[in-house]
Each structure stands twice: as C-alpha cells, then as structure tokens.
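Keep in mind the model is a prediction, meaning the values are calculated, not measured. So you know, we letter chains A, B, ... as the sequences are listed, proteins then strands, and number each from 1.
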Amino acid sequence: MSAPVSPTESGPKIPWPYLIAALLSLIGLADALYLTVQDLTGQNLRCTIISGCSEVLGSVYAHLGPVPLAVLGAVAYFSVFSLAILGAFGYRFAGTLLGFLLAVMLLTTLWLLYLQAFVIRHFCQYCLLSAAVTITLTAIVWGSRFMKRRS
Amino acid sequence: MKRLVPLVIIVFVLIVALGTTWMLMRSSRQTANENLNANTPTPGSEAPGAEPPHVRGNANAPVTLEEFADFQCPSCGAYYPELKKIESEFGDNLRVVFRERPLVPPHEHALIAAQAAEAAGLQNRFWEMHDMLYENQATWSVISDLVPVYVDYAKKIGLNPDQFMKDLNGETVAARIFQDGKRAHAYGIVSTPTFLVNGKEAKGDSWKPEGLREMIKQALREAGK
C-alpha cells in the first residue's frame, strides 16, 4: 500500500483563495447588476411596504452624481473577478491590484453601512448582501496573503 | 495558448453579464409599454376613494393624473418638485388627484402626516399642507412628537389650530384615509408614489418623470388634444 501524497507532490498547487474570490465576486456582480436594472428602470426607487430598500435606494446616497452606486459596484465586482482569474493563472500583478481594490471596496462598504445604520436608518437586503460579499472577499484575499507571508 | 485562457473566461463572464442586464432591461421596458397600451378596465371603479377627492388643476381637464403617495416616503418627496413641473407644463390639460397611501411600516410618521393633510383639507387647505409637508419632509421625519410641529404648520398656512387639533384624530379624517386605502388596495398598490394616468398605472420607465410625461401626452392624443 502506497503512502498518501501531498498536493504539492502530486502536481501544481490549486490557487483556492483566487478561485473562491472569483466565485464570490460573481455573487456580488449579480447583486449589483440586479440593483442597476432596478434603478435604471425606476422599479426600486419607490417606497414599499415590505422593506427599507426603497428608503436606501431612493436616498441621495444611492447615486454619485448621475451614476447609480450599483453601476460602480458592478464594475468593482467585475474587476475583482478579472483580477482573481488572472491571479489564479499566475499573474503576480493581479494579486497586488486585487488587494488594493478590495481595501478600497471595504472602506466604501463600511461607509455605506454607516449611512444605512445612522443616517438613512433603514437597511436594504441587497446592499447587506453586497457588504457581506465584500467583507468575505477581503478576509479571504488578505487572509491568504498574510498566511503566505508567515509561511 | 494557456495565456489566453484567463482572458477567454473574463470575456465570457463580461458577455454573460452584459447580455443578462440587456435582457432584464428589455423585459422591464416591454412590460411598461404593454401596460401603457393596454385598455384594461379600471379595477378601482368599485372603490372610488375619498369623496370629494383632492384635485389640483382644471376640473374638466382631458387627462387625470391620480397620485397615491405617502408624505414620509423619500421617493415621494423627491418626486414632488418633478410633479409640480409636470403640472405647470400641461396646464389646463391636466388635473391632479391626490390619494393617501401611508406605508406604515416602514414610515412610522406616515399616518399622522396623512391625518394632518386631511385635517387641513377639512378647512380647504389640503394642498397648502401637502406642499408644506413635502417641502419640510427632511425636518419633521426625524422628530418623534409631531403634533406641535404640525400645529405650527397649520398656523403658518392660516388654519384654525383648535379645529385642526380636533379634526386630526376625528372620524372624518380617518374615513377619508380608509377610503383612499380601499382604492389603493383595489389597484394592488403597495409602493409609493404610484401614478394612474386616466386609470392606467404608470410602471417601469413610464413611472419616471419623462415616461410619465410621455404617458400624459399619449392620453392627450387619445382624447383628441
């Protein structure tokens, strides 16, 4: 009976953090695109009985000038996806850029969470999903970089 | 060849994302246009709403824009100046009817605000209070004890404050809000502001100011104006 072999011995190491980041960013991208469509077609800007989404998405903070924040979110998540894929295929610059982009996204997310909690006083579940995705992405990417440095 | 694989994946996801967005936008616009062209019977015919309704503009105008709104709703507040522009653009061709649709929850002060507007209406100052509430929405929305604030507004627009206080929690005001609520329910209205142009609901792109203008123009063409 042969002894089990470690992954490093059996072939190239699978870049799990990048692959998980790529998959997670697709969730964020779908969420942001849904909000973009809702905004551009005027659906979610109304106030509804069921949740605080309309308060958040109808507030002045939902747009940066004429551009809906959801569009910027979609661009950011697509960039995360692209960089994660490039990182998974060994492009070193992608890892550095991904770390920087996620740091900016995390700060933006924390600011938006503050606005929802203390200024608008309503929460939108789609925005909370986006926040959860960004926080998880940051934890995975920055966590893996930290672990790599230590080892 | 291997170097192209990540680019192929990225381009594939980009195409899927843009394609899905385009399809969703198209389906939303199609629904709006179908709604614009549909000659559906008015579901609210058995629920006429509070009588007499609050009407602004020419009482015999060929087009009626009926708005279901909530004074605390930020979207209604944002739409308020747009609606004023639309009213002045269409002049005598448009009459605007306001219906109470307080969304409680999530707007904790929506009901008392509707009561204040209706109480002002009993002294023939509904539209003055309507304007006052929207113009000061950001101020009163965050105050917990609103009665003194509304009494102050009532004094500013020339109401008898004692009568206003009496009417605020009176049966007439409650009945009017209830009747408007029944009409909103008959139309299945769960979001505000919702607009009916000659009985047809403005949905999708038609809900936006430009779409609403287009819907009014089409109603005018149908009326031969």
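- Side-chain contact check for B:Ile10 versus A:Leu86: some heavy-atom pair is nearer than 4.5 Å.
- Residues of residues 88-121 of chain A that come closer than 4.5 Å to chain B, counting heavy atoms only, are A:Phe89, A:Tyr91, ordered by residue number.
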Set out, in order, the CA-CA distance, both residues' side-chain angles and the distance that settles side chain to side chain contact (heavy atoms under 4.5 Å, CB included) for A:Leu40 and B:Thr21, then state yes or no. CA-CA 11 Å; A:Leu40 295 178; B:Thr21 308; over 6 Å; no
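- Ranked by heavy-atom pairs under 4.5 Å with chain A, the first of B:Val142, B:Val104, B:Thr20, B:Leu14 is B:Leu14.
- Heavy atoms of other residues, nucleotides or ligands lying less than 6.0 angstrom from NZ of B:Lys208 number more than 12.
- The shortest side-chain heavy-atom distance between A:Leu29 and B:Val13 falls under the 4.5 Å cut-off.
- Residue contact with chain A, scored on non-hydrogen atoms closer than 4.5 Å, is absent for B:Ala78.
- To the nearest 0.5 Å, atom CG of residue B:Leu24 and atom OH of residue A:Tyr34 are 9.0 Å apart.
- Neither the backbone nor the side chain of B:Ile189 comes within contact range of chain A, judged by heavy atoms closer than 4.5 Å.
- At most 12 non-hydrogen atoms from other residues, nucleotides or ligands lie less than 6.0 angstrom from CD of B:Glu171.
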